Amino acid sequence: MAASISPLRSSFRICNGLSFHHCRAKLRMHRKCESQRRHLHESVTRHAAVVVSGTEMARQIHREIQREVEELVAGGNMRPHLGVVLVGDDPASHTYVRNKTRAASILGISSDTVLKPSSVSQDELLELIDKMNRDWRVSGLLVQLPLPGHIEERAVCNAIAPEKDVDGFHIVNIGKLCLGQRSMVPATPAAVWEIIRRAGIETVGKNVLVAGRSKNVGLPIAMLLHTDRNHQRSGGAVSFMYPALESLRAYVDVAPPRFSQL
Ligand SMILES: Nc1nc2c(c(=O)[nH]1)N[C@@H](CN(C=O)c1ccc(C(=O)N[C@@H](CCC(=O)O)C(=O)O)cc1)CN2
């Protein structure tokens, strides 16, 4: 089906389901920007693949954060402290929390984990969060997900003080992220953004294909790329989210050549 339509047209058709007139307007704008961009960047962007050493980048980031933390403390500030709430005995959740508190410790950030049984009531959990919100010793706070079925995850995420919400799951932080304002950004999207930034990959004016659309990963990544943290995208570039891994081939096949995959 896609083979009979020009790639550019079909990509617009798939991405947004807009009216034909709207599509044509976007298409015209896109073509104009395409020719400008081609003129300026063709040799750089066309098939540029950037190989990144994750290990080296992680080491560098560790060093920077360790230094920042020590400077903060040397300046008379309290050592940052991470409060973690872990409900139930899901082994994966315990592993994730262990890794997070270990990482905190390496960075010079102290932490403590409050364990609660899976029978904990929502009210008790909200009370605990409220107490930790008001505890001046706790600078950042997270509740490991998933939670047992009888607890409403959104209520818990929204109970965390937005300024302590290191996961960036509070509705205020999500809203700010969508508006391109400074906010707490969920960890995996923040990491992806940091890799792109540190690798010097220019995303302004580019079309980007985001593989996945989960609310804690794909969606925030698309939002970060949409605003580029500074400005709204221009030049008709679109961030895609696609629903299933099997469709990736179809999207890449119909996508214009300057699509990047994440
Ligand atoms: N409070 C939170 N709870 C949960 C979060 C979170 O960010 N905050 N995320 C997940 C669990 N999790 C961290 O806690 C987490 C899970 C998976 C990954 C990840 O990068 N997965 C990779 C695969 C990694 C692998 O090779 O195993 C991927 O999906 O591509 C990061 C973080 C739910 N709970």
Side-chain angles (χ1 to χ4, degrees), residues 52-55 57-58 61-62 65 80-107 109 111-116 118 120 122 125-126 128-130 132-133 138-174 176-178 183-196 198-199 208-225 240-248 260-262:
V52 172
S53 164
T55 317
M57 199 180 274
I61 293 171
H62 277 184
I65 298 176
H81 182 84
L82 175 68
V84 180
V85 179
L86 177 52
V87 179
D89 44 22
D90 173 45
S93 291
H94 279 255
T95 302
Y96 287 130
V97 166
R98 206 167 37 250
N99 290 343
K100 289 173 197 190
T101 52
R102 191 178 293 151
S105 158
I106 290 169
L107 300 174
I109 297 169
S111 70
D112 68 323
T113 304
V114 181
L115 296 171
K116 288 286 172 190
S118 50
V120 69
Q122 179 164 318
L125 198 54
L126 294 178
L128 172 65
I129 294 168
D130 183 49
M132 293 169 90
N133 280 341
V138 176
S139 21
L141 169 58
L142 72 88
V143 178
Q144 184 64 27
L145 304 176
L147 293 167
H150 63 279
I151 297 176
E152 203 195 325
E153 191 180 290
R154 181 68 1 237
V156 169
C157 292
N158 288 346
I160 297 171
E163 66 279 9
K164 291 192 179 185
D165 171 33
V166 289
D167 268 324
F169 291 167
H170 190 284
I171 196 164
V172 165
N173 283 319
I174 297 169
K176 284 184 171 175
L177 179 67
C178 292
S183 64
M184 301 286 202
V185 179
T188 308
V192 170
W193 180 254
E194 198 61 26
I195 292 166
I196 291 173
R198 285 177 185 254
V208 182
L209 178 62
V210 178
R213 57 171 184 182
S214 67
K215 66 181 186 308
N216 295 337
V217 182
L219 185 76
I221 288 174
M223 287 300 135
L224 283 169
L225 289 161
F240 273 13
M241 284 169 281
Y242 82 104
L245 204 58
E246 306 82 61
S247 353
L248 181 59
S260 312
Q261 292 176 63
L262 292 176

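One-based numbering, in listed order, for ligands and for the atoms of each. If you're wondering where the values come from, they're calculated on a predicted model, not measured in any experiment.
For the pair Val143 and ligand 1, the shortest N or O to N or O distance falls below 3.5 Å. Considering backbone and side-chain N/O of Phe169, none are found under 3.5 Å from N/O of ligand 1. For Gln144, a nitrogen or oxygen atom sits less than 3.5 Å from a nitrogen or oxygen atom of ligand 1, counting backbone and side chain alike.
Heavy atoms only, all atoms of each residue included: Val120 and Leu125 are closest at CG2-N, 4.4 Å. Here the shortest heavy-atom pairing between Val143 and Asp167 reads O-OD2, 4.2 Å. Taking both residues in full, the closest heavy atoms of Cys157 and His170 are given as O-CD2, 3.5 Å, listed atom of the first, atom of the second, then distance.
Closer than 4.0 Å to atom 22 (C) of ligand 1 lies none of the heavy atoms of the protein. Not a single protein heavy atom sits closer than 4.0 Å to atom 9 (N) of ligand 1. The protein does not reach atom 30 (O) of ligand 1 closely, with no heavy atom under 4.0 angstrom from it. Not a single protein heavy atom sits closer than 4.0 Å to atom 27 (O) of ligand 1. There is a protein heavy atom closer than 4.0 angstrom to atom 2 (C) of ligand 1. Checking atom 33 (C) of ligand 1 against the protein gives a heavy-atom contact under 4.0 Å. For atom 19 (C) of ligand 1, the protein comes within 4.0 Å by no heavy atom at all. For atom 16 (C) of ligand 1, a protein heavy-atom neighbour is present inside the 4.0 Å cut-off.
Every residue two or more places apart in sequence or in another chain that forms a salt bridge (charged side-chain N to carboxylate O under 4.0 Å, His left out) with Glu194 is listed here: Arg197, Arg198.
Not a single donor-acceptor pair under 3.5 Å links the side chain of Lys100 to the backbone N or O of Leu82. For Asn133 (side chain) and Ala159 (main-chain N/O), a donor-acceptor pair under 3.5 Å exists by modelled atom type.
Protein heavy atom nearest atom 14 (O) of ligand 1, with residue, atom name and distance: Lys100 NZ, 2.7 Å.
Those atoms of ligand 1 with a heavy atom of Asp167 less than 4.0 angstrom away are 1 (N), 2 (C), 6 (C), 7 (O), 8 (N).
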